[in-house]
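To keep things clear, I will list the structure first and then write my remarks on it.
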2 protein chains.
Amino acid sequence: MKSLIDFRADILKALAQPTRLKIIDFLRDGERCVCEIFPAIDEEQSNTSRHLNMMLASGVLSRRKEGLKIFYAIKHPEVLKIVDIVTLIVKQEISERHELMKAV
Amino acid sequence: MKSLIDFRADILKALAQPTRLKIIDFLRDGERCVCEIFPAIDEEQSNTSRHLNMMLASGVLSRRKEGLKIFYAIKHPEVLKIVDIVTLIVKQEISERHELMKAV
DNA sequence: CAACTGCATGACTATATAATCATGTAGTTG
DNA sequence: CAACTACATGATTATATAGTCATGCAGTTG
């Protein structure tokens with residue numbers, strides 16, 4: 001049986017990959033069908049589909065069917081908050097490493 | 001060369017693993033030496049050391065030497081914010097899945 | 001300086017992950 | 001119903017990751 005900590009790791013893992021981050025970024029403005037997503041992030045349809053299903057399973061995305069198309073959306077708006085905080089940390093890290101370079 | 005999105009994935013990856021989450025949780029109250037950390041999270045010293053070094057490299061932890069001991073600490077307080085948000089999402093997910101069970 | 005302490009790392013194993021190509025399938029349309 | 005569209009999935013490959021055991025190494029102490 002999965003513990004609470006495993007669930008937390010699953011959510012974070014669902015965000016911790018470049019292709020998936022690109023998808024999250026693209027879904028910021030709202031739901032999109034797969035046919036829009038994979039060209040936008042420049043990945044294969046099959047690969048994109050796997051990542052979408054993975055994020056669906058871990059509870060990061062939600063899915064809606066409409067005719068032939070399937071629309072994915074960010075399920076919890078908090079996810080975007082996380083991504084934004086990470087962006088902030090990265091900026092701090094980069095400017096810090098930049099300072100270290102200048103010091104040499 | 002690494003892109004910004006790769007750096008973001010690296011930070012998230014550093015958090016997206018049960019053993020590392022346990023370490024983060026244990027470091028909430030401040031810096032600790034390795035000799036305190038690995039018994040607290042009930043992992044081998046070598047394994048703990050690898051995870052600590054990994055989180056150090058990705059910028060999640062900082063390190064301080066003092067005699068024989070090496071103290072690790074959470075470098076960016078924002079990291080705790082992220083973990084807290086994830087906990088919130090997990091709780092929402094679990095209560096939602098609980099509702100689904102009742103519906104059956 | 002010999003023995004010890006605290007941590008890191010090499011070598012290895014088992015497992016997970018990401019990506020690709022080909023194919024399958026549900027639903028739509030002429 | 002045949003052809004098509006949009007998406008998912010099987011099979012495979014290459015690479016990454018987590019963990020273990022043994023060993024190395026820096027710094028401390030008697």
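Below, chains carry the letters A, B, ... as their sequence lines are ordered, and counting in each starts from 1. These figures come from a predicted structure and were not determined experimentally.
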Quiz item: Would you say B/Lys65 reaches D/dG27's phosphate, i.e. side-chain N/O to OP1/OP2 under 4.0 Å?
Solution: yes

When rounded to whole Å, the CG to C1' distance for the pair B/Asp10 and D/dA16 reads 12 Å

Atom NE2 of B/His51 and atom P of D/dA18 are separated, to the nearest Å, by 6 Å

Separation of D/dA16 atom P from B/Met54 atom CE, nearest Å, is 13 Å

| Are OP1 or OP2 of D/dT15 and a side-chain N or O of A/Gln17 less than 4.0 angstrom apart? | no

Ranking A/Asn47 and A/Lys69 by the position along DNA chain D of their nearest nucleotide, the one closer to 5' is A/Lys69

From the list B/Thr87, B/Leu88, B/Ile94, side chain to side chain contact (heavy atoms under 4.5 Å, CB included) with B/Lys91 holds only for B/Thr87

May I ask you to decide if A/Glu43's main-chain N or O and A/Asn47's side chain share a donor-acceptor pair within less than 3.5 Å?
no

query = Is the closest basic N to carboxylate O distance between B/Arg28 and B/Asp84 below 4.0 Å?
reply = yes

Rounded to whole Å, the CZ-C1' distance (A/Phe38 to D/dC7) equals 9 Å

Within the structure, does a side-chain N or O atom of A/Tyr72 lie under 4.0 Å from either OP1 or OP2 of D/dA6?
no

To the nearest angstrom, the CD-P distance between A/Gln45 and D/dT5 comes to 14 Å

Under a 4.0 Å heavy-atom criterion, DNA chain C is touched by chain B from C/dT5 to C/dA11

- Query: Are any of the side-chain nitrogens in A/Asp42 or A/Lys22 under 4.0 Å away from the carboxylate oxygens of its partner?
  - Reply: no

Practice prompt. Could you tell me whether B/Glu96 and A/Lys75 have a side-chain N and a carboxylate O separated by less than 4.0 Å?
Written response: yes

Whole-Å distance, A/Arg32 CZ to D/dA6 P, equals 16 Å

| message | Looking only at the side chains, is there a donor atom on one of A/Glu93 and B/His76 sitting less than 3.5 Å from an acceptor on the other? | response | yes

Taking 4.0 Å as the cut-off, does a side-chain nitrogen or oxygen of A/Ser46 come that near to OP1 or OP2 on D/dC7? no

- request: Using a 4.0 Å heavy-atom cut-off across all strands, classify B/Leu68 as base, sugar-phosphate, or nothing.
  value: base

Any B/Arg20 side-chain N or O less than 4.0 Å from OP1/OP2 of D/dA18: yes

**Q.** B/Arg50 (side chain) and D/dT17 (base): donor-acceptor pair under 3.5 Å
**A.** no

Heavy-atom nearest nucleotide on DNA chain C taken for B/Phe71 and for A/Thr19; more 5' hit belongs to B/Phe71

note: A/Arg64, atom CZ; D/dA6, atom P; distance rounded to Å ~ 16 Å

Nearest-nucleotide check on DNA chain C, B/Cys33 vs A/Ala16; residue mapping nearer the 5' end is B/Cys33

Would you call A/Glu66 and A/Arg64 a salt bridge, using N to O less than 4.0 angstrom? yes

